[in-house]
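Structure first, commentary second.
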Amino acid sequence: MDPAAPPSPAPTPPGRPARPDGLDRLAAVARAAAHRPGSPCDCASGLVGVLADREDGTVVRHGPLVAKAHAPDTDPEAHRARLALAAHPDAAGVLLPPLPLPVPAPARGGAEPDGRPVTVWPYGSPVAPDDPDAAPWEDAARLLARLHRTPPPPALAPRLPAMRAPLKVSLAVDRMRRAAPDHPAAATVLSAWRTIPGGGAPGPRLLCHGDFHLGQLVREPRPVGDGPWRLIDVDDLGLGDPAWDLARPAAWFAAGILPPEVWSRFLGAYQEAEGPAVGADPWVQLDVPARALTVQTAALAVAKSTAERRPLDEVEDVMIDTCGRIAGHRTDSASSAST
C-alpha cells in the first residue's frame, strides 16, 4: 500500500453475497439522474459501472455522475444534516456538493431494497494511484484548513452530528475482536488500544471531515478539463477535534510509511493556511489521534486478512509493529511513574 495512493475499491468479501438487484436499482438511479426521461444513453462503456461495492457504501458511475448507496445503519437525521452542509454555500470550494435525485426517482424512491439512503454526485477525477509524486498533499492540507476554519452555518449547527473518526476506531477494534480474536497480532493491537484515553475533557467543536485520506479527493468537474481539488464522502462529516483529520498522515509518518519530506509538506501547508488543529508543537494535539489511527489501521488489517485467509502484507506488518511500540511506550511510562 502506497500512502500516497487512494484505497482501491474492495471486492465483495468472501461469505457476503453480491447484491445484483440492489446494484441494478442503484444503476437505474444513476442513469435517470444522468439522462433526461426517454433520452437514449450514449455514454461509453468505460464510463458506466460499479466503482465500489462494500458494506459501508456502494458507488455506481454513469457518465458524468455517480450514485452512492450509503451504509444500512446510516442515521437519517445526521445524514440529512451532512448533505445540507455539503450543499451549503459556506462549504463551496471545499466539499463537492451533491446533485438532486432524479424525479421521480426509480428504485423505491431512490433507495435500495434494504432501505439504504442514496445520493447523487458529480464524478470527479480521483488522485492517480500510479503517480505518488503527484499526490496533492499540499492541496489536501489547504482544503482541510479551510474546512476547519469555516464556522458551522448557524441554521445547521444545532443539527450537525459529531464527526465519526473516534467512533470508527472503536468499530475497527470491535470488528477485529469478532473476526480474529485468536490472531497472533490481536493482543498487540489491543495493548496499543488501551493506551488511547477514553472520554476526558471535550475538545474543539469545529467542522471536520472525519475520514481523511487521499481517496477522499477528486477534481471538481468543469465543462472543459478538471477543476481544483475538492473533498468528498460526507458519511463521517461533523463537529469535533480537527486534529483527527490530520491523524492518518501523522500515523503513517510515525510508522515510517510516509516519507518525512512529504509529511513536512503536508503539515507545513496546513499551518501556512492557518489551520487550527495544531499549535507550535503539532504532536501535542496529534499524539492521541495518530495512535488511534494506527490502532484502527492495524485492527482492520487483522480483521480483513483473517477474512481473506491471507497473511499480513508488509505495510500491515509495519502497523502491527508500530502498535507494539505504542504499547511498549505505555508500559515504560507506567513503570517509571510507579518508581
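All values below come from the heavy atoms of this structure, side chains included, with hydrogens, waters and symmetry mates left out.
Here the rule is side-chain hydrogen bond (donor to acceptor under 3.5 Å, both in side chains) with D235, and of R82, K68, H79 only K68 fits it. With V94 as the fixed residue, the side-chain contact (heavy atoms from CB on, under 4.5 Å) test singles out one of L144, L147, L207: L147. The salt bridge (charged side-chain N to carboxylate O under 4.0 Å, His left out) with R164 is formed by just one residue from the set D236, D211, D73; it is D236.
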Audit row: R146, R142, side chain to side chain contact (heavy atoms under 4.5 Å, CB included) steps and yes/no | CA-CA 6 Å; R146 285 183 61 187; R142 287 188 282 267; 5.6 Å; no

Starting from the C-alpha separation in whole Å, work towards a yes-or-no answer on side chain to side chain contact (heavy atoms under 4.5 Å, CB included) for W137 and L214.
-> CA-CA 8 Å; W137 286 106; L214 290 183; 3.6 Å; yes

Side chain to side chain contact (heavy atoms under 4.5 Å, CB included) assessment of L246 paired with Y270 | CA-CA 9 Å; L246 280 60; Y270 182 86; 3.9 Å; yes

Begin from the C-alpha positions of V318 and I257 and carry the test side chain to side chain contact (heavy atoms under 4.5 Å, CB included) through to its verdict.
-> CA-CA 8 Å; V318 169; I257 297 172; 4.0 Å; yes

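Proximity of F266 to P136: side-chain heavy atoms (C-beta onward) are nowhere separated by under 4.5 Å. Taking 4.5 Å as the limit, every side-chain heavy atom of P152 sits out of range of all side-chain heavy atoms of R205. Contact annotation: the side chain of R116 approaches that of T58 to within less than 4.5 Å [non-hydrogen atoms, C-beta and beyond]. Within the 4.5 Å cutoff, the side chain of M319 has no heavy atoms near those of the L312 side chain. Using a 4.5 Å heavy-atom threshold, the side chains of H62 and C41 count as touching. Contact annotation: the side chain of W193 approaches that of R177 to within less than 4.5 Å [non-hydrogen atoms, C-beta and beyond]. Here the side chains of R159 and L156 are in contact, with some heavy-atom distance below 4.5 Å. You'll find the side chain of P122 reaches within 4.5 Å of the side chain of L96, heavy atoms only.
No donor-acceptor distance shorter than 3.5 angstrom exists from the side chain of H209 to the backbone of L95, with no hydrogens or angles considered. Proximity of a side-chain donor or acceptor of R61 to a complementary backbone N or O of G63 within less than 3.5 Å is detected. Listed for the R230 side chain is no donor-acceptor partner under 3.5 Å among the backbone atoms of L217. The backbone N or O of P260 sits nowhere less than 3.5 Å from a side-chain atom of S264 that would complete a donor-acceptor pair. At least one donor-acceptor pair under 3.5 Å links the side chain of D245 to the backbone N or O of G210. Between the side chain of H148 and the backbone N or O of E274 there is no donor-acceptor pair closer than 3.5 Å. Side-chain N or O atoms of E138 include none that pairs as donor or acceptor with a backbone N or O of R265 at under 3.5 Å.
When all heavy atoms of A251 and T294 are compared, the closest pair comes out as CB-OG1, 3.4 Å. The two residues A185 and I320 come nearest to each other via the heavy atoms CB-CG2, 3.8 Å. Heavy atoms only, all atoms of each residue included: S125 and W229 are closest at O-CZ3, 3.8 Å. Nearest heavy atom pair, residue P276 against residue A145, reads CD-O, 4.4 Å. The two atoms that bring A192 and A327 nearest to each other are N-CB, 3.9 Å, heavy atoms only. Between L83 and P98, the shortest heavy-atom distance links the atoms O-CG, 4.1 Å.
With values rounded to the nearest 0.5 angstrom, L65 atom CG is found 8.0 Å from H35 atom NE2. Taken from CZ in R31 to CG in D24, the straight-line distance is 13.5 Å, to the nearest 0.5 Å. Here I326 contributes atom CD1 and T195 contributes atom OG1; the two are 6.0 Å apart, rounded to the nearest 0.5 Å. Of the inter-residue distances, the one linking C208 atom SG with L237 atom CG reads 8.5 Å to the nearest 0.5 angstrom.
Comment: D287 engages R291 in a salt bridge, judged by a side-chain N to carboxylate O separation of less than 4.0 angstrom. The existence of a salt bridge linking D56 and K168 is excluded, since no basic side-chain nitrogen approaches an acidic carboxylate oxygen closer than 4.0 Å. Salt-bridge annotation for R175 and E55: absent, with no side-chain N of the basic residue lying under 4.0 Å from a carboxylate O of the acidic one.
Both W121 and L51 sit in one connected hydrophobic cluster of ILVMFWY residues. Membership requires side-chain heavy atoms under 4.5 Å apart, directly or through other members. Y123 and I232 fall into different hydrophobic clusters, where Ile, Leu, Val, Met, Phe, Trp and Tyr are joined by side-chain heavy atoms under 4.5 Å apart, directly or via other members. Note on V50: it clusters hydrophobically with V120, by side-chain heavy-atom contacts below 4.5 Å among ILVMFWY residues.
In R309, the CZ atom is not crowded: 12 or fewer heavy atoms of neighbouring residues, nucleotides or ligands sit closer than 6.0 Å. Residue-environment remark: CD (E314) stays at or below the threshold of 12 foreign heavy atoms within 6.0 Å.
Note: W283 and W263 have tilted aromatic rings, judged against thresholds of 30 and 60 degrees for the angle between ring planes.
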